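Before any comments, here is the structure.
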Amino acid sequence: MTEVQTFDEAVTRVRDLTQKPNDDELLELYGLFKQATEGDNTTDRPGIMNLKGRYKWDAWTARKGLSNEEAKNEYVAKVKHLMTKYEHS
């Protein structure tokens, strides 16, 4: 596999991993993706009965203040790490 260089390549490449990342890794990717594409989370936190929504909201909100470019760079780095972890295991 070729090296991932850009955010768009990383978004595409994460779908092609040979194994699905664990829940914590998926939440980290989600938070970074949302921060990179939409900026700081300004939505209300989902209700207590919506656990999946709350986890995703928390993952995004944890990146508050991170610039678009920083979030993209962290996303690319995370995908590179996952490619190494899951493509060679």
Side-chain angles (χ1 to χ4, degrees):
M1 286 197 139
T2 60
E3 184 73 17
V4 173
Q5 299 296 324
T6 69
F7 178 73
D8 291 333
E9 289 173 343
V11 170
T12 300
R13 192 57 80 63
V14 77
R15 296 180 190 125
D16 298 331
L17 293 172
T18 58
Q19 292 180 15
K20 180 182 176 187
N22 66 42
D23 289 343
D24 289 337
E25 292 165 335
L26 289 172
L27 284 170
E28 184 176 357
L29 287 171
Y30 176 83
L32 289 168
F33 178 85
K34 292 293 277 186
Q35 188 68 22
T37 58
E38 296 186 33
D40 289 346
N41 186 356
T42 59
T43 64
D44 291 334
R45 190 171 191 221
I48 191 78
M49 299 303 287
N50 183 355
L51 290 178
K52 183 177 180 179
R54 288 172 75 91
Y55 285 128
K56 290 170 79 173
W57 188 93
D58 289 345
W60 181 10
T61 301
R63 279 35 182 207
K64 187 174 185 173
L66 198 62
S67 75
N68 171 282
E69 198 62 33
E70 290 170 319
K72 286 182 178 183
N73 290 337
E74 286 188 30
Y75 187 95
V76 169
K78 182 65 179 181
V79 170
K80 286 180 181 181
H81 169 76
L82 292 175
M83 286 173 59
T84 301
K85 179 178 179 179
Y86 292 118
E87 297 301 323
H88 301 321
S89 55

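Remember, it's a predicted structure, so these values are computed and weren't measured experimentally. Below, all heavy atoms of this structure are taken into account, side chains as well, without hydrogens, waters or symmetry copies.
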Practice item. Examine Val14 and Tyr86 and state if one hydrophobic cluster contains both, with Ile, Leu, Val, Met, Phe, Trp and Tyr joined whenever side-chain heavy atoms are less than 4.5 Å apart. Key: yes

Exercise for review: Kindly indicate, with the supporting measurements, whether the criterion side-chain contact (heavy atoms from CB on, under 4.5 Å) is fulfilled by Thr6 and Val76.
Suggested key: CA-CA 7 Å; Thr6 69; Val76 169; 5.8 Å; no

Study note, to complete from the structure: dist Arg15:CZ -> Leu17:CG (nearest 0.5 Å) comes out at 11.0 Å

Check your understanding: Do Thr43 and Asn41 meet the criterion of a side-chain donor-acceptor pair at a distance under 3.5 Å?
Key -> yes

Exercise for review: Measure the spacing between CG of Asp8 and CZ of Arg13 and express it to the nearest 0.5 Å.
Suggested key: 13.0 Å

Review point. Taking C-beta and beyond as the side chain, do Leu29 and Val79 meet within less than 4.5 Å on heavy atoms?
Key: yes

Point to revise | Under the side-chain hydrogen bond (donor to acceptor under 3.5 Å, both in side chains) test, residues paired with Asp58 that sit two or more places apart | key: Arg45

Exercise for review: Enter the distance from Lys56:NZ to Leu26:CG here, rounded to the nearest 0.5 Å.
Suggested key: 10.0 Å

Practice item. State, to 0.1 Å, how close Leu32 and Ala71 come at their nearest heavy-atom pair, and which atoms those are. Key: O-CB, 3.8 Å

Exercise for review: Sequence neighbours left out, what passes salt bridge (charged side-chain N to carboxylate O under 4.0 Å, His left out) with Asp40? Give chain and number order.
Suggested key: none

Review point. If Ile, Leu, Val, Met, Phe, Trp and Tyr residues are connected whenever their side-chain heavy atoms lie under 4.5 Å apart, and connections chain through other members, are Trp60 and Trp57 in the same group?
Key: no

**Study point:** Sequence-distant partners of Lys34, side-chain hydrogen bond (donor to acceptor under 3.5 Å, both in side chains), two or more places apart
**Key:** Glu38

Check your understanding: When rounded to the nearest 0.5 angstrom, what is the spacing between NE2 in His81 and CD in Glu28?
Key -> 8.5 Å

Practice item. Using a 4.5 Å cut-off on heavy atoms from C-beta on, say whether the side chain of Arg54 contacts that of Ile48. Key: yes

Point to revise | Close side-chain approach of Arg63 and Leu66, heavy atoms under 4.5 Å | key: yes

**Study point:** Test side-chain contact (heavy atoms from CB on, under 4.5 Å) applied to Phe33 - qualifying residues, sequence neighbours left out
**Key:** Phe7, Val11, Thr37, Tyr75

Exercise for review: Grab the two heavy atoms, one from Glu70 and one from Gly65, that are nearest each other, plus how far apart they are.
Suggested key: OE1-O, 4.5 Å

Practice item. Answer yes or no: is there a donor N or O on one side and an acceptor on the other, between the side chain of Glu9 and the main chain of Gln5, under 3.5 Å? Key: yes

**Study point:** Residues that Asn73 engages under side-chain contact (heavy atoms from CB on, under 4.5 Å), provided they are two or more places apart
**Key:** Glu69

Practice item. Assess whether atom OH of Tyr30 is packed by more than 12 heavy atoms of other residues, nucleotides or ligands within 6.0 Å. Key: yes

Point to revise | CG (Asp44) with more than 12 external heavy atoms under 6.0 Å | key: no

Study note, to complete from the structure: Applying salt bridge (charged side-chain N to carboxylate O under 4.0 Å, His left out) to Glu74 and not counting sequence neighbours gives none

